[in-house]
Amino acid sequence: MTKLPMSPLAAATNLIKSYCDSGRLSDARRVFDELPERDVVAWTAMICGYASNARPEDAWGTFRAMATAGVDANAFTLSSILTACRVMEFAEFTASVHAIAVRRGIIGQMHVDNALVDAYSAFPCGIDDAFKVFDGISQRSPVSWTTIIAAYVRHGNGGAAVQMCSQMLKEGVELNPFTLSITVRASAAVESLIFGRQIHAATVKIGHGSNLHVSNAITDMYSRCMSFPEARQYFSEMPQKDLITWNTMIAGLDRAGSLDSCRLLLNMFSQSVQPNFFTFTTIISSCAKLSKLSFGQQIHCVVVHRGFGENQQIANALVDMYAKCGSIADSQKVFNKMCYRDLVSWSSMIIGYGVHGYGKEAVELFNEMVSYGIQPDSILFMGVINACSHAGMVEEGLKFFNLMESIYGVQPDKEVYGCMIDLLGRSGRLGEASELIEKMPFEPDESLWGALLGACKMHGNAKLGRLAAQKILNLKPKGAKTYVILSNIYAAASEWASFAEIRKLMRGVGGKKEVGMSWIEVREEVYSFVASDQSNPCVSLASEVLAMLICHMDREVFGS
DNA sequence: ATAGGGTTAG
């Protein structure tokens, strides 16, 4: 076979591509600009270079310049520009490329369709458009499936992701490392240990068990399903580990509320694995949860020493950590030093003020944030309302609640209603609190009734408390939070519910599906009750709850 | 000569 000599244009295009692959975009551009003529392949190489190096604006500029130069886009060009659309997260750009594809008859080509699905799904409301395109693909490849499942996972719709997985499996789609790892991720999203274990077994059987992407996903799956002993076991048996493996396991131990997250970090250092900002944000959040101020301070030093001092997410985590560890002055220091503050930065500081009882400061900071034109979200409203609640500023809190929808266009969710019930309940306005529960647009769940119950306990309102306790028991609550609620019932008044009934319920508590509360928080809350009021005759019963809780945690959470 | 997918935090 004789090899044809490469044309000068083809050689130059090769050079452009290899410069782009190593991130040397200005070198690529120089070669591109010096070309006497440019065909669609050369243009596409340049567009793709920008798109895959996180420069979507330049990709678009080049795409437009190509049209101006009278060169028609082909399927390769459209796939490349769709990568840029995905980064820009603008649905309009994706839709316009979609229109071009339809007009030029390029739609229906595998790469273009898959890239369209991906680009649409990058937009917060784009999942339906993404599915429409996916649905229209006649010959779906493994890439199509991976893309749509990943999209559902990203949008927090684990149920749909798992549904797509089972359809994919039914259709006999090739199980490669990509389809396997996204399936593992989907099972983690719905916290289905059974499905997760099945896929784990399948990866081993097929022979992809040693793929790092897949293995990392499996470690993560066990930890998201709260099966921590399995996660640790699997982690320790992984023959190869990369930074993501370590980060995943540290995050898993953080989720378990175990101090071992910090131990594992030290272990990682001793193996000379270099941490990145993921590692630091995770470990800082661990210190926050566990109130490990001195370890947190040491991590802060390491962060600065390693040149991560300017990192946005790390600084946000530090603000939160210092606040949770009771050192609000240090939170302020970090916050003030930040050169740019995003919504999370402001929220962390405001929430920090709130839990320390600095209601006025929280409100002032909220107003300052708004004056900078930053849009508050429902988490932030929770923070300010909580701050008002802890500082006894009931009217102020009510004002925020009334303004959040009308002025800021933020719909109050269940959590915000919970804060409101707490706000009204704490100040003794129990009638208004129960009225709010009645007229809110959701079915009240156990945590909302629990908030009312807590207030009844505080103000000795047995009549309303009995009602709240009854409502909770009727809901047959599950999960770790239940322990807190049940100990609250014990605490509030033993005659409100029959012990036999409560014990029966306790046995049914799964403890694996808790939302928004770590084991350590649960344990602390129960501890604090037992320690708080020794004269209460219910304490011995609450001790029983505590004993069961600790036993449960040792077995299920810490694997001992 | 140019194109599409998977893993870590909040």
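Quick note on labels: first sequence line is chain A, next is B, and so on, each numbered from 1. This is a predicted model, so every value here is computed, not measured.
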Length of the [atom1]-[atom2] vector between [X] and [N], whole Å:
{"X": "N247(A)", "N": "dT8(B)", "atom1": "CG", "atom2": "C1'", "answer": "5 Å"}
{"X": "W246(A)", "N": "dA9(B)", "atom1": "CH2", "atom2": "C1'", "answer": "18 Å"}
{"X": "M221(A)", "N": "dT8(B)", "atom1": "CE", "atom2": "C1'", "answer": "15 Å"}
{"X": "L82(A)", "N": "dG4(B)", "atom1": "CG", "atom2": "C1'", "answer": "9 Å"}
{"X": "D254(A)", "N": "dT8(B)", "atom1": "CG", "atom2": "P", "answer": "15 Å"}
{"X": "I299(A)", "N": "dA9(B)", "atom1": "CD1", "atom2": "P", "answer": "18 Å"}
{"X": "I137(A)", "N": "dG4(B)", "atom1": "CD1", "atom2": "P", "answer": "15 Å"}
{"X": "R154(A)", "N": "dG6(B)", "atom1": "CZ", "atom2": "C1'", "answer": "11 Å"}

Distance-minimising heavy-atom pair for [X] and [Y]:
{"X": "S80(A)", "Y": "A51(A)", "result": "O-CB, 3.5 Å"}
{"X": "K241(A)", "Y": "S236(A)", "result": "NZ-O, 4.1 Å"}
{"X": "S96(A)", "Y": "W60(A)", "result": "OG-CH2, 3.8 Å"}
{"X": "W145(A)", "Y": "M168(A)", "result": "CB-SD, 3.4 Å"}
{"X": "M249(A)", "Y": "R232(A)", "result": "CE-CG, 3.7 Å"}

Looking at every strand, decide which applies to [X] at a 4.0 Å heavy-atom threshold: base, sugar-phosphate, or nothing.
{"X": "V214(A)", "result": "base"}
{"X": "A251(A)", "result": "sugar-phosphate"}
{"X": "I244(A)", "result": "base"}
{"X": "R86(A)", "result": "sugar-phosphate"}
{"X": "N211(A)", "result": "base"}
{"X": "N276(A)", "result": "nothing"}
{"X": "M110(A)", "result": "base"}
{"X": "S348(A)", "result": "nothing"}
{"X": "D39(A)", "result": "base"}

Return the nearest nucleotide to the side chain of [X]; candidates are [options].
{"X": "K17(A)", "options": "dA9(B), dA3(B), dA1(B)", "result": "dA3(B)"}
{"X": "Q313(A)", "options": "dG10(B), dT7(B), dG4(B)", "result": "dG10(B)"}
{"X": "V143(A)", "options": "dG5(B), dA9(B), dG6(B)", "result": "dG5(B)"}
{"X": "T13(A)", "options": "dA3(B), dA1(B), dA9(B)", "result": "dA1(B)"}
{"X": "R185(A)", "options": "dG5(B), dG6(B), dT8(B)", "result": "dT8(B)"}
{"X": "T83(A)", "options": "dG10(B), dG6(B), dG4(B)", "result": "dG4(B)"}
{"X": "N14(A)", "options": "dA1(B), dA3(B), dA9(B)", "result": "dA1(B)"}
{"X": "F76(A)", "options": "dA3(B), dG6(B), dA9(B)", "result": "dA3(B)"}
{"X": "N74(A)", "options": "dA9(B), dT2(B), dG6(B)", "result": "dT2(B)"}
{"X": "V41(A)", "options": "dG10(B), dA1(B), dT8(B)", "result": "dA1(B)"}

query: Does S285(A) make a side-chain N or O approach to OP1 or OP2 of dG10(B) shorter than 4.0 Å?
result: yes
- prompt: Within the structure, does a side-chain N or O atom of R224(A) lie under 4.0 Å from either OP1 or OP2 of dA9(B)?
  reply: yes
task: On the 0 to 90° scale, with breaks at 30° and 60°, tag the F131(A)-Y152(A) ring pair as parallel, tilted or perpendicular.
output: tilted
Plane angle bin for W43(A) and F32(A) - parallel if under 30°, tilted between 30 and 60°, otherwise perpendicular: perpendicular
field: Distance-only polar pair, side chains of N247(A) and N276(A), donor-acceptor under 3.5 Å
entry: yes
- prompt: Does any N or O donor sit under 3.5 Å from an N or O acceptor when you compare the side chain of T146(A) with the base of dG5(B)?
  reply: yes
- prompt: Is the ring of H111(A) stacked on the base of dA3(B), with centres less than 5.5 Å apart and planes under 30° off?
  reply: yes
message: Listing request: all salt bridge (charged side-chain N to carboxylate O under 4.0 Å, His left out) pairs with a residue in residues 68-77 of chain A, at least two apart in sequence or in separate chains.
response: D72(A)-R104(A)
task: Let me have DNA chain B in dot-bracket notation, would you? Count Watson-Crick plus G-U wobble pairs, both distances under 3.5 Å, and use [ ] for pairs crossing earlier ones and | for inter-strand partners.
output: ..........
- request: Using a strict 4.0 Å threshold on nitrogen-to-oxygen distance, state whether D128(A) and K132(A) make a salt bridge.
  value: no
